[in-house]
Engineer: 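Okay, handing you the structure first.
These numbers were taken from a predicted model, which means no experiment stands behind them.
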Amino acid sequence: MRNKDFDVFAEARLTPEYREIFESLRRLVEETVPSAHEVISTGSPAWQGTRILASVSPSAQYLTLGFERGAAFTDEHGLLEGTGYNTRHVKLWPEEPVPLDAIRDYLTQAAAIDAPAARS
């Protein structure tokens, strides 16, 4: 379900180019993990299952799509960055196409890790 706070965030904090990327991410999450809820977490838009699956934060040059448990992912696409214990992120540049297939794969992995059966 769409959260109006996401719209407020996009209008206030994102350039038109970033809004386009952000909307493509929203559609992709809706298609890939329809049970995820849109929430604002630590001031940024995020998608939550049992826990936070992914979040978006803008920088001056790109949007960062972070995955809370991305270190556990299989990265066949080679796009995940970061060296933290749990998180990994993908940089989404306005002048480049959004890697939808890779992000769909990462979202699917995030949802599988989040599933109650996976935590038992």
Side-chain angles (χ1 to χ4, degrees):
M1 174 175 277
R2 289 199 165 221
N3 181 334
K4 65 180 173 119
D5 292 335
F6 269 42
D7 299 322
V8 171
F9 178 92
E11 186 65 32
R13 303 263 324 265
L14 301 178
T15 64
E17 298 84 11
Y18 285 5
R19 279 187 222 128
E20 187 176 320
I21 295 169
F22 184 63
E23 274 305 312
S24 69
L25 293 174
R26 287 180 87 178
R27 286 190 302 272
L28 188 61
V29 173
E30 288 171 349
E31 295 167 7
T32 308
V33 191
S35 61
H37 299 281
E38 294 182 341
V39 299
I40 300 294
S41 176
T42 62
S44 294
W47 291 273
Q48 182 173 350
T50 303
R51 295 175 23 191
I52 298 295
L53 304 173
S55 62
V56 173
S57 60
S59 76
Q61 299 173 328
Y62 51 82
L63 282 182
T64 299
L65 176 62
F67 296 95
E68 293 290 319
R69 291 175 297 285
F73 294 178
T74 300
D75 187 13
E76 295 178 5
H77 311 282
L79 298 177
L80 293 174
E81 298 182 35
T83 58
Y85 185 70
N86 289 317
T87 63
R88 294 291 181 272
H89 65 274
V90 175
K91 293 177 182 171
L92 302 170
W93 303 84
E95 64 276 0
E96 295 179 10
V98 176
L100 297 175
D101 289 339
I103 293 172
R104 183 178 294 109
D105 178 39
Y106 299 145
L107 289 168
T108 300
Q109 291 185 62
I113 290 168
D114 191 62
R119 291 193 319 273
S120 299

Engineer: Partners of Ser35 by side-chain hydrogen bond (donor to acceptor under 3.5 Å, both in side chains), sequence neighbours excluded?
Structural biologist: none
Engineer: In chain order, what residues pass the side-chain hydrogen bond (donor to acceptor under 3.5 Å, both in side chains) check against Asn86, with sequence neighbours excluded?
Structural biologist: none
Engineer: Hey, could you give me the CZ/CG distance between Arg51 and Leu53, rounded to the nearest 0.5 Å?
Structural biologist: 9.5 Å
Engineer: Not counting sequence neighbours, which residues clear salt bridge (Lys or Arg N to Asp or Glu O under 4.0 Å) with Arg104? List them please.
Structural biologist: Asp101
Engineer: Roughly how far apart are Leu92 CG and Ile103 CD1, rounded to 0.5 Å?
Structural biologist: 4.5 Å
Engineer: In the hydrophobic cluster built from side-chain contacts under 4.5 Å, what are the other members alongside Val8?
Structural biologist: none
Engineer: Under the salt bridge (Lys or Arg N to Asp or Glu O under 4.0 Å) test, which residues partner Asp5, sequence neighbours left out?
Structural biologist: none
Engineer: For residues 73-93, pull every pair meeting salt bridge (charged side-chain N to carboxylate O under 4.0 Å, His left out), keeping only residues two or more places apart or in separate chains.
Structural biologist: Glu81-Lys91
Engineer: For Thr74 and Gln109, which heavy atoms make the closest approach, and how far apart are they?
Structural biologist: N-OE1, 2.8 Å
Engineer: Could you work out, with salt bridge (Lys or Arg N to Asp or Glu O under 4.0 Å) as the rule, every residue matching Glu31, not counting sequence neighbours?
Structural biologist: none
Engineer: Return the CG to CG distance between Asp105 and Leu100, rounded to the nearest 0.5 Å.
Structural biologist: 12.5 Å
Engineer: With sequence neighbours left out, write down each residue that passes side chain to side chain contact (heavy atoms under 4.5 Å, CB included) with Arg19, or none if nothing qualifies.
Structural biologist: Ala10, Glu11, Leu14, Pro16
Engineer: I need the full list of side-chain hydrogen bond (donor to acceptor under 3.5 Å, both in side chains) pairs touching residues 57-66, with sequence neighbours left out, sorted by first then second residue.
Structural biologist: none
Engineer: Applying ring-ring contact (aromatic ring centres under 6.0 Å, His included), which residue pairs with at least one partner in residues 13-36 are found, sequence neighbours left out?
Structural biologist: Phe6-Phe22
Engineer: Are Arg26 and Glu23 close enough for a salt bridge, meaning some N to O gap below 4.0 Å?
Structural biologist: yes
Engineer: Pairs in or reaching into residues 62-74: which pass salt bridge (charged side-chain N to carboxylate O under 4.0 Å, His left out), with residues at least two apart or in two chains?
Structural biologist: Arg69-Asp114
Engineer: Identify whether Val29 and Ile52 are in the same connected component of the hydrophobic contact network (ILVMFWY, side-chain heavy atoms under 4.5 Å).
Structural biologist: no
